[in-house]
There are 2 protein chains.
Amino acid sequence: MNYHEAKDKFIQTWGTLGSSWGISRTMAQVHALLLISPDALSTEDVMDQLKISRGNANMNLRDLLDWGLAYKELKSGDRKDFFIAEKDIWKVAKQIIKERRKREIEPVLNALEELKAVKGDKNDKKHKAFVEAVTNIERVVEKADFAFDKAIKLDENAIVSALFKLFK
Amino acid sequence: MNYHEAKDKFIQTWGTLGSSWGISRTMAQVHALLLISPDALSTEDVMDQLKISRGNANMNLRDLLDWGLAYKELKSGDRKDFFIAEKDIWKVAKQIIKERRKREIEPVLNALEELKAVKGDKNDKKHKAFVEAVTNIERVVEKADFAFDKAIKLDENAIVSALFKLFK
DNA sequence: CTTAACTTTCAATAATTATTGAAAGTTTTA
DNA sequence: TAAAACTTTCAATAATTATTGAAAGTTAAG
């Protein structure tokens, strides 16, 4: 496999992985391209290399900035924006967890809390099953939330070695 | 909020959460419905309550069985299949992690391994950046894979208390 | 066997989500 | 201030993904 084949396959692979873990396919592809680029790229570079439109490139670069997965780099003597990826993948992972915790877990916890207050006959089979299910789920979601919160505060090796110790 | 409102909101919430964590919206909704149902439901019950077609109900129930998130229950004197959800949410979470590890992480690790073997000038800036990026990613993905592998073997409290100890 | 009860499949269609590209907006330079 | 260089927006459109429902398939009972 030569450089170009490998590059395309990498962008494709990273895009697929990203989209299955909650970041959009194109955003992950742009990130992949930036990851393997030794130098910062402009919007046009991204457009050319991924064959996407200006609007699309702009949108996804902006989203990457929002997620903290890429940074702007201004080159003196050039008015264009250039972009570089966060290349510490552990930091990338933590950043994604952090964003998704905020965007997805928090609203769910709020919704679940509300749901427990359902009015009705507390001895009804359905009512009991409902409150029980919601309470159980809330407990697990809270624990997952807690785990993610801790994970983003630990470094790469600490979390792995902590888990490992449990099996020594 | 009365029972029906709460039920609908719960199904909606669980569907949204599911779809953002990699299981299809409708599959998560069917699972939600089964979760709060005190008794096993038939395909028709699911069709009626979620207002979805027979084909769709069948497909999603089958997928839930595949993922190990629901079970068939046969009632004597009835030829229909009835379904109940796995109600231990920690088990549900572990099951989802297990399936996604198999379906998504393993293929990515294989692809990354292949990519490291890219042919070309090892001193070229691009080539070096590429191999470095792929190697870094592989390292983190392997660690995440390891962590998930351990997580699905631990019980609910062990993993949380292990993380907690690191902060005491 | 044959019929009835039920489940599965799949091509057509609908719904959703992503992408384009031209126009509007912004910033910088001279 | 004007014009050039660049970025952002957004309505139209394309691509993708999910859903339907009728037909085919399967299983069990009579």
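Letters A, B, ... are given to chains in the order of the sequence lines, protein chains preceding strands, and every chain is numbered from 1.
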**Asked** Between Glu113(A) and Lys116(A), is there a salt bridge with N-O shorter than 4.0 Å?
**Response** yes
**Prompt:** Are Asp149(B) and Lys153(B) within salt-bridge range, i.e. N to O under 4.0 Å?
**Reply:** yes
**Fill in**
Per the under-4.0 Å heavy-atom filter, residues of residues 45-80 of chain A near DNA chain D come out as Arg54(A), Gly55(A), Asn58(A), Arg62(A), Asp78(A), Arg79(A), Lys80(A)
**Request:** Mark yes or no: Arg139(B) above the aromatic ring of Trp90(A), with NZ or CZ under 6.0 Å from the six-membered ring centre and no more than 45 degrees from the axis.
**Result:** no
**Request:** May I ask you to list the residues of residues 14-32 of chain B, by number, that have any heavy atom positioned under 4.0 Å from an atom of DNA chain D?
**Result:** Arg25(B), Thr26(B)
**Message:** Any carboxylate oxygen within less than 4.0 angstrom of a Lys/Arg side-chain nitrogen, looking at Asp39(A) and Lys125(B)?
**Reply:** yes
**Item:** Cation over ring face, Arg25(B) and Trp14(B), 6.0 Å, 45°
**Value:** no
**Request:** Check the angle between the aromatic planes of Trp21(A) and Phe148(B) and answer parallel, tilted or perpendicular using the 30° and 60° thresholds.
**Result:** parallel
**Message:** I need the minimum non-hydrogen distance between Lys128(A) and Lys122(A), along with the two atoms involved.
**Reply:** CG-O, 3.2 Å
